[in-house]
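Read the numbers this way: they start at 1 and go in the same order the structure lists the ligands and their atoms.
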Amino acid sequence: MKFVFFGAPGAGKGTMAARAAVAFGLPHISTGEIFRAAMRAGTPLGLRVKAVIESGGLVSDELTIGLVRERLGEADAARGWLLDGFPRTLAQAEALAGFCPEDFVIDLEVSDAKVVERLSGRRMCRGCGRSFHVSLMPPAEEGVCDGCGGELYVRDDDGEASVRSRLEHYYRQTAPLVDFYKRRGTLVSVDGEGRADEVWVALEERMRGLIASAEA
Ligand code: AP5
Ligand code: MG
């Protein structure tokens, strides 16, 4: 089954897709995480995207589409996938519909106030990329990942100016895709405002229902 996790920055796409990957045994493919891993490793891709990501802009469609197309062609994605952070523009959505059409788009709906609260307290693991929150989802030991023991850090694009820019890009270029997916009949709206455990319980049940109905 092929799911797109959609929503504003801080909606919980990464948090929920990581749980869904475990629950449904599908690969979690986050374009943001692919770019951050490349930046950490200092690869040519990382050097190319660093400035635009840190300022809260969008990486070019050409580069992003090529990267996702290649990733979805890998063996572990043959049974399905969970895409997180892609597509973000109409060109990306049309490209995906052409080379590997989605089954469902999970639209995590959250208010702007919640986005700001979540991003201002987010901490990410340098080792495995898992996200925590200083008050909403704290790790057992401050500054240390519960999963792999890695060091937690603040993402370079979680500063106030970058968050504002990411939200502007979201409303201008990404939010209009809701209509695109409504027309395709694949949009599934989910209330993402609650606590992570509450959102996950409702989402898992919804995803199980979608999978059962698609396979019936
Ligand atoms: P990306 O990494 O995709 O960033 P984003 O879309 O801005 O989303 P975030 O990762 O900030 O939020 P999220 O929805 O995953 O929330 P999370 O689960 O972490 O992209 C980064 C950059 O890469 C982009 O700005 C762009 O430059 C580039 N890029 C990536 N894809 C691209 C593309 N397709 N085209 C062009 N450029 C691209 O949760 C946030 C916080 O809240 C965490 O602290 C978490 O612990 C907490 N939390 C989550 N859910 C809950 C909950 N229900 N209750 C309480 N706390 C919660
Ligand atoms: Mg994310």
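No side-chain donor-acceptor contact under 3.5 Å links Lys13 to the backbone of Gly85. In this structure a side-chain-to-backbone donor-acceptor pair under 3.5 Å is missing from Arg123 to Pro138.
Near ligand 1, heavy-atom contacts under 4.0 Å come from Ala8, Pro9, Gly10, Ala11, Gly12, Lys13, Gly14, Thr15, Thr31, Gly32, Phe35, Arg36, Ile53, Gly57, Leu58, Val59, Thr64, Gly85, Phe86, Arg88, Gln92, Arg118, Leu119, Arg122, Ser131, Phe132, His133, Leu136, Met137, Arg155, Asp157, Arg166, Gly194, Arg195, Ala196, Val199.
With sequence neighbours excluded, the residues forming a side-chain hydrogen bond (donor to acceptor under 3.5 Å, both in side chains) with Lys114 are Glu117, listed by chain and number. Among residues two or more places apart in sequence or in another chain, the side-chain hydrogen bond (donor to acceptor under 3.5 Å, both in side chains) test is passed with Gln92 by Asp61.
Put simply, CZ on Arg48 and CG on Leu63 are 4.5 Å apart, with the number rounded to the nearest 0.5 Å.
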Quiz: residues 140-149 side-chain donor-acceptor pairs under 3.5 angstrom, not counting sequence neighbours:
| from | atom 1 | to | atom 2 | distance (Å) |
| --- | --- | --- | --- | --- |
| Asp146 | OD1 | Ala140 | N | 2.9 |

